[in-house]
Amino acid sequence: TALFLAGAVLFAAYLLQAADLLVGLVGAFLTLTGWAIGRFGFYARAHQFTLEFPDWDLPLQKFFKRFSLEKSLIYGLIRFLIGIILIVWAYQVPALYFERLFFLGCLVASFGLLTIFDAFLTRILQFEGLK
């Protein structure tokens, strides 16, 4: 969470033109890395209960009962498409904004693709845990 938030702050500073490209790259890297590490922790916790969900882990039980592969895939696709739209739009704006808009589009599209693959892995864990 700390990596994700630090990266988001750095990337936001880059988008607001308070920092240069290098800071933006580091921010994007930290944001994606922080998100991936957080999801890895979730997968590890969920995998530990693939045979049986313990009574004491109610938040994890509730999450898996509410989880919908279809909704997650739609959210991921929407994020991906918004990223692609931002990338295409970057070519229509003045050169001053091109780099930041293009970079933002790449980051949003990456999160969209990661969300799609995350949904499939979560669904696998859901089936294993809710036998």
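Note that the structure is predicted; figures quoted are calculated from it, not measured. Every heavy atom of this structure was used, including side-chain atoms; hydrogens, water molecules and symmetry mates were not.
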Is there a side-chain contact between Leu32 and Leu114, using heavy atoms and a 4.5 Å cut-off?
yes
Just wondering, are more than 12 heavy atoms of other shown residues or ligands nearer than 6.0 Å to OH in Tyr97?
no
side-chain contact (heavy atoms from CB on, under 4.5 Å) with Leu73: which residues, sequence neighbours excluded?
Leu69, Ile116, Ala119, Phe120
Stepwise side-chain contact (heavy atoms from CB on, under 4.5 Å) test for Val26 and Tyr14:
CA-CA 10 Å; Val26 170; Tyr14 165 73; over 6 Å; no
Taking only residues two or more places apart in sequence or in another chain, which ones pass ring pair (Phe, Tyr, Trp, His ring centres under 6.0 Å) with Phe102?
Phe98
Heavy atoms of other groups near Phe67 CZ, more than 12 under 6.0 Å:
yes
Looking at side-chain heavy atoms only, is the closest gap between Leu25 and Phe11 below 4.5 Å?
no
Exercise answer: donor-acceptor pairs, residues 76-88 side-chain atoms, under 3.5 Å, sequence neighbours excluded:
residue, atom, partner, partner atom, Å
Arg79, NH1, Thr115, OG1, 2.7

So which residues get pulled into Phe117's cluster when ILVMFWY side chains under 4.5 Å apart are joined, directly or through others?
none
If the condition is side-chain contact (heavy atoms from CB on, under 4.5 Å), which residues does Ala13 pass it with, not counting sequence neighbours?
Ala18, Ala19
Please, which pairs that meet side-chain hydrogen bond (donor to acceptor under 3.5 Å, both in side chains) have at least one residue in residues 17-38, sequence neighbours excluded?
none
Mind checking whether Val23 and Leu16 sit in one hydrophobic cluster, side chains of I, L, V, M, F, W, Y counted as touching below 4.5 Å?
no
Intermediate values then yes/no, side-chain contact (heavy atoms from CB on, under 4.5 Å), Arg100 and Phe103
CA-CA 5 Å; Arg100 285 171 170 72; Phe103 197 13; 5.8 Å; no
